[in-house]
Amino acid sequence: MKYAKGFAWFWWDLLVADTPELTAGALAMALAAYFIGGREQTLSVLLPLMAIALLAASLVKGARSR
Amino acid sequence: MSTPLLLITVIFAAAVEMVEATTVVLAVGVSRGWRPSLQGAVAALVVLAAAVAIFGPALIHLVPIDALRVIVGTLLLIMGLQWLRKALLRASGYLRQRDEAAIFAHERSALAIGTRSGSFDGTAFAVSFKGVFLEGLEVVMIVISFGASTGNLGTASLGAGIAALVVGMLGLALARPLAAVPENALKLLVSLLLTSFGTFWIGEGMGVGWPGVDWAIVWLLGIYAAAALVMVSALKRRSRGVQAHEPRLQEAQGQESSV
């Protein structure tokens, strides 16, 4: 049980920690890519734009909390 | 994907984590003795190498390549954005820079308090093992991600091995924390690479026809680097604005309270 908790904690700390918005946003990006899938050229523009918007939102949150 | 690009990316990513692990190994070695410290570090490296050897080929053979690329791309994107966020907040002064010398001093003083029991220093072994293992797990994830997505686990493992060897030897030769390594700059570069690869592989897994095919990683890197520069400059402006506003705010609050 102790090791299972430690393992779960490691993954939580690695992938979520204090930036759940980035984890949720990246998952949303993958989902969006799945649904838009057919329109290939759109995704090559949309994916980087979504990542930049996600990062900017998280930075604003980070800067405001300090 | 070209082998040199894969190798360089993994070397840089692993080097960032290895600098942090080396600080712990050095602190243990200096304060409790080199033997248990190195034993702990080597034991952790063996466990990590075994994890790559077991899970890497299993992933390559069991998971369809497109699904694997989407999963790996999402994981790399999360890690890349997290590292990028931290590096940008540090570069703009919102977060303190990581100070290996201070961490080394802190670890050393904490370890000096404990006592040794018997001939084998279990505490020193455990601290060194844990330091290398925890930092190394992130490297394992990166090695497996890059290795599995490109079908080139050997090159990815070689990159991590080179980074561990070079950083470890450098740390042992100097016998002091690698404070001179520009860790924040290195982390910024690696985070840009991870974010670019993450985006690229999510798209690849979904069948996106990237303009420039594999060269898309380079233009993605350029776009993210440009965005990072704009964001750092905006954050710095905001920081200066807040600093300039604070004294006026305090003055106004002082006048209010005196009325």
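Order of the sequence lines sets the chain letters (A, B, ...), proteins ahead of strands, with each chain counted from 1.
Contact of the Trp11(A) side chain with the Met141(B) side chain is registered, since non-hydrogen atoms from C-beta on lie closer than 4.5 Å. Looking only at side-chain heavy atoms (C-beta outward), Trp83(B) and Leu88(B) stay at 4.5 Å or farther from each other.
Listed by sequence position, Thr74(B), Leu75(B), Leu77(B), Ile78(B), Met79(B), Leu81(B), Gln82(B) are the residues of residues 72-82 of chain B in contact with chain A, using a 4.5 angstrom heavy-atom cutoff.
Using a 3.5 Å distance cut-off with no hydrogens or angles, the side chains of Arg69(B) and Ser149(B) do not pair a donor with an acceptor. Side-chain polar atoms of Tyr224(B) and Ser191(B) form no donor-acceptor pair below 3.5 angstrom.
Annotation: maximal heavy-atom pairing with chain B below 4.5 Å, among Thr19(A), Leu59(A), Leu54(A), Leu27(A), occurs at Leu59(A). Note: Pro48(A) leads Gly62(A), Pro48(A), Ala30(A) in heavy-atom pairs under 4.5 Å with chain B. Per-residue heavy-atom pair counts under 4.5 Å with chain B were compared for Gly25(A), Ala17(A), Ala63(A), Ala51(A), and the maximum is reached by Ala63(A). Ranked by heavy-atom pairs under 4.5 Å with chain B, the list Leu22(A), Val60(A), Asp18(A) is led by Leu22(A). Between chain B and the options Thr23(A), Leu15(A), Asp13(A), heavy-atom pairs under 4.5 Å are most frequent for Leu15(A).
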Item to complete: For Lys187(B) and Glu20(B), run salt bridge (charged side-chain N to carboxylate O under 4.0 Å, His left out): C-alpha distance rounded to whole Å, both residues' side-chain angles, the deciding distance at 0.1 Å, then the answer.
Response: CA-CA 12 Å; Lys187(B) 199 155 196 162; Glu20(B) 295 176 11; 3.7 Å; yes
Worksheet item: Could you walk me through whether Met231(B) and Ile52(A) pass the side-chain contact (heavy atoms from CB on, under 4.5 Å) check?
Response: CA-CA 10 Å; Met231(B) 287 179 202; Ile52(A) 290 169; 3.6 Å; yes
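In this structure, the portion of Val16(A) lying under 4.5 Å from any heavy atom of chain B is its backbone and not its side chain. Only the side chain of Trp219(B) comes within less than 4.5 Å of a heavy atom of chain A; its backbone N, CA, C and O stay farther away. For Phe200(B), no part lies near chain A; criterion is any non-hydrogen pair under 4.5 Å.
Summarising the geometry of Ala14(B) relative to Ala160(B), their closest heavy-atom pair is CB-CA, 3.9 Å, with the distance given to 0.1 Å.
Few gaps surround NZ on Lys61(A); more than 12 heavy atoms of other groups in view lie less than 6.0 Å from it.
Ring pair Phe129(B)/Phe133(B) is parallel by interplanar angle, where below 30° counts as parallel and above 60° as perpendicular.
Between Leu220(B) and the choices Trp215(B), Trp210(B), Phe197(B), the side-chain contact (heavy atoms from CB on, under 4.5 Å) rule is met once, by Trp210(B).
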